[in-house]
Amino acid sequence: MGRIHRLKKNVEFQRIYRKGSYIATKALVAYVKPNNLKETRIGITVSKKYGKSVKRNRIRRLIIESYRLLKDKVKPGYDIVFVARKPDTYDTRLYNIHAMMSYILDKLNVLKRD
RNA sequence: CAUGCUGCGUAUUCUGUCGCCGGUCUUGUUAAAGACGGGAGGAAAGUCGGGGCAACACAGGGCACCAUACUUCCCAACAGGAAGGUUCUAAAGCUGGUAGAAACAGACAGUGCCACAGAAAAUAACCGUCACGAGUACUGCGUGAUAAGGGUGAAAACGUGGGGUAAGAGCCCACGGCAGGCUGUGGUGACACAGUUUGCGGGCAAACCUUAUGGGUUGAAAGGCCAAAUAUACCGGAAAGCUGUUGUUGACAACAGCAGAGAACGGCCCGUUCUUUUCCGGGGGGUAGGCCGAUUGAGCCAUGUAGUGAUACAUGGCCUGGAUAAAUGACAGAAAGCCGGUAAACAAUGUUUUCCGGACACAGAACCCCGCUUACGCGCAGCCCGGCAC
RNA sequence: CGGGGUGUAGCGCAGUCCGGUUAGCGCACCUGGUUUGGGACCAGGGGGUCGAUGGUUCGAAUCCAUUCACCCCGA
């Protein structure tokens, strides 16, 4: 249960960019850094080069939705920043984003082991 | 029927599951939870005009700069809108109507420019025509007059006819064209019509410019309020030292000695004041951050009245996004419309029906309005061009 | 949110203010010469919707309006 905690301060983003480890795929880049808190927080960055505001809003909502579906599997105590890469090179539907995010988070070792 | 343009309308709907952001109420110390009810557009876009709002500035006048430019009206205001005038275009000889377009003040205030071609591109004599003169008597020369004719050019010096002349010319006359002034009539006005008079050597002001009118500057990251951590002005209180040796990276500790920090007032002492260091308490400004600004407004809807119309007025009803790494969504399934394909009927490249397929146009409020411009799916109506069938 | 600039040949730039000859320059490319061959050098040549659309004008890369893309600055 509980809400999705969001990163909002620019300094937090800058700290994660500098200190965190990251993995990139065609659609998504994820930066991860432990935060010594009880919950995991996420931030989303979409560049202006991605497209106009309608496209940027849509990819951001899809990222939030994908994370919401994966939320119960993620270990607590991390800050994660997702960066959307350029479109038109991949399928922008939900199941695709979800699969890619699941792959990335597993690679970064922040998913719970069963 | 299709394309394009113009105008008007519209901007998918329903069900299920899971979510996001405000508001009101209840519970809760807080965090938060529950219930109820709401949550993108015609352009929210571009940021091109104009305002509201806010801070600062401001005696008066001039220059400079910027913007605007037919008339009247509407509007809070505008480079916006409505109605009208003039000119041009469709359009062909004229007239009338229709539709569309117009950055439609000024080129006898001044300066400047007009490539190439052409004799000449602006107060035009190259050829030609005419007169006179000289002589070497010629397809020639010189002086002067002359815009009727001359292959050009985007543009060539009012048009036609007649008179006139050495030859000519609005030089004169008739008819016509254009421009300005004056008078009259109609109109709020731009202007139109009629009369009269003066005059006819271009164009470019989206060249400089002139005239008239308007413009204070900066923008919500404006502006106002609250206010961590750290350092600290200032205020109050308390304490105070120096030297040497030993240990120690150092802070510091122990021992011994001197003395009661330093400066000023003063001959000296006491005393007073100031300075320096540390600690405690208070406290101003200000940073991170937060709150207000900020969602009730030139508001929307309906009806009526006035007006050709934009619009105004009256009455009644309604409250309708408020985020800030930024909510208004995701997935699944139906339905309508549309698009593409498919088959049949009918006179058609189409219509109607059957079946199949389709990540359904442009696009996301960021202080708020009014406009403009641009992007764009579908439906209806009108028009231009084109095609097909009867 | 506000302000400013750029767009011309494959690349880098002039020309735009003040409209008019065939839109030039360097590198690159092609052909020929030179050399045993290559480079360098010499001679010649090709290559442009002047970002797009519309307007003003006799005439537009240039002037005006709209629009597209990119870059920079302030906070």
Side-chain angles (χ1 to χ4, degrees):
Chain A
M1 275 305 291
R3 298 145 28 80
I4 295 175
H5 297 274
R6 300 286 297 275
L7 293 169
K8 295 186 175 180
K9 308 280 177 55
N10 192 32
V11 283
E12 296 171 337
F13 278 81
Q14 295 302 324
R15 190 177 64 238
I16 295 163
Y17 286 144
R18 283 201 307 271
K19 301 283 180 62
S21 54
Y22 68 95
I23 277 188
T25 63
K26 214 189 299 180
L28 272 180
V29 183
Y31 293 77
V32 171
K33 184 180 176 299
N35 64 356
N36 297 323
L37 294 175
K38 288 180 182 175
E39 66 270 355
T40 289
R41 302 181 296 178
I42 68 164
I44 299 168
T45 293
V46 185
S47 163
K48 220 171 194 176
K49 290 178 182 173
Y50 183 88
K52 298 195 175 183
S53 55
V54 172
K55 299 178 77 174
R56 296 201 303 268
N57 265 331
R58 176 167 169 84
I59 192 68
R60 185 171 45 74
R61 285 166 179 156
L62 286 172
I63 289 171
I64 292 173
E65 184 69 15
S66 300
Y67 177 77
R68 200 174 60 77
L69 296 172
L70 281 168
K71 198 168 97 61
D72 292 336
K73 296 183 184 173
V74 177
K75 296 183 198 171
Y78 288 95
D79 283 343
I80 308 173
V81 170
F82 296 104
V83 179
R85 305 190 83 181
K86 285 185 180 174
D88 306 326
T89 56
Y90 56 90
D91 195 356
T92 57
R93 274 178 290 188
L94 178 66
Y95 67 86
N96 194 29
I97 305 287
H98 178 261
M100 217 174 288
M101 182 181 287
S102 176
Y103 170 78
I104 292 178
L105 294 182
D106 185 52
K107 276 281 192 180
L108 286 166
N109 203 17
V110 294
L111 292 184
K112 292 175 184 168
R113 300 293 180 189
D114 291 337

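Below, read A as the first sequence line, B as the second, and so on, with proteins coming before strands; counting in each chain starts at 1.
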Result of checking A:M100, A:H98, A:K71 against A:S66 for side chain to side chain contact (heavy atoms under 4.5 Å, CB included):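 Per the side chain to side chain contact (heavy atoms under 4.5 Å, CB included) rule, the option paired with A:S66 is A:H98, out of A:M100, A:H98, A:K71.
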
Identified side chain to side chain contact (heavy atoms under 4.5 Å, CB included) counterpart of A:I104 within the set A:V29, A:I80, A:I23: A:I23

Rounded to the nearest angstrom, tell me the gap between atom [atom1] in [X] and atom [atom2] in [N].
X	N	atom1	atom2	value
A:K52	B:C376	NZ	P	11 Å
A:D72	B:G19	CG	C1'	13 Å
A:H5	B:C20	NE2	P	11 Å
A:I44	B:C20	CD1	P	14 Å
A:H98	B:C18	NE2	C1'	13 Å

Between [M] and [N], how far apart are the [atom1] atoms? Round to whole Å, please.
N	M	atom1	result
B:G337	B:G386	P	36 Å
B:A205	B:C58	P	45 Å
B:C338	B:C18	C1'	32 Å
B:G41	B:U89	C1'	39 Å
B:G307	B:C73	C1'	11 Å
B:C191	B:G84	C1'	10 Å
B:A32	B:A361	C1'	44 Å
B:C175	B:U197	P	13 Å

For [N], the Watson-Crick or wobble counterpart (both distances under 3.5 Å):
N	result
B:U295	none
B:U315	B:A302
B:U146	B:G128
B:A330	B:U17

Is any side-chain heavy atom of [Y] closer than 4.5 Å to one of [X]?
X	Y	result
A:F82	A:I97	no
A:Y17	A:T45	yes
A:V81	A:Y22	no
A:I59	A:I44	no

Closest-nucleotide ordering on RNA chain B, the 5'-leading residue of A:L69 and A:I64: A:L69

Position toward the 5' end of RNA chain B (nearest nucleotide), A:Y17 or A:S53: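 Checking each residue's closest nucleotide, the 5'-ward one belongs to A:Y17.
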
Glycosidic conformation of [N], taking syn as within 90° of 0 and anti otherwise:
N	answer
B:A40	syn
B:G170	syn
B:G377	anti
B:U320	syn
B:G28	anti

Evaluation steps, side-chain contact (heavy atoms from CB on, under 4.5 Å), between A:L7 and A:I16: CA-CA 11 Å; A:L7 293 169; A:I16 295 163; 3.5 Å; yes

Closest non-hydrogen atom pair between A:V46 and A:A84, with its separation: CG2-CB, 4.2 Å

Sugar-phosphate only, base, or nothing, as touched by A:S66 at under 4.0 Å among non-hydrogen atoms: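 Contact class for A:S66: none.
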
Same apolar cluster (I L V M F W Y, side chains within < 4.5 Å links), A:Y78/A:I64: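 Yes, A:Y78 connects to A:I64 through the hydrophobic network.
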
Pairs: protein N or O with nucleotides 327-333 of chain B N or O, under 3.5 Å:
unit_1: B:A327; atom_1: OP1; unit_2: A:R60; atom_2: NH1; d: 2.7
unit_1: B:A327; atom_1: OP1; unit_2: A:R60; atom_2: NH2; d: 2.5
unit_1: B:U328; atom_1: OP2; unit_2: A:R61; atom_2: NE; d: 2.8
unit_1: B:U328; atom_1: OP2; unit_2: A:R61; atom_2: NH2; d: 2.9
unit_1: B:A330; atom_1: OP1; unit_2: A:R58; atom_2: NH1; d: 2.9

Range-with-range stems for RNA chain C, at least three Watson-Crick or G-U pairs under 3.5 Å: C:1-7 with C:68-74, C:10-13 with C:24-27, C:29-33 with C:41-45, C:51-55 with C:63-67

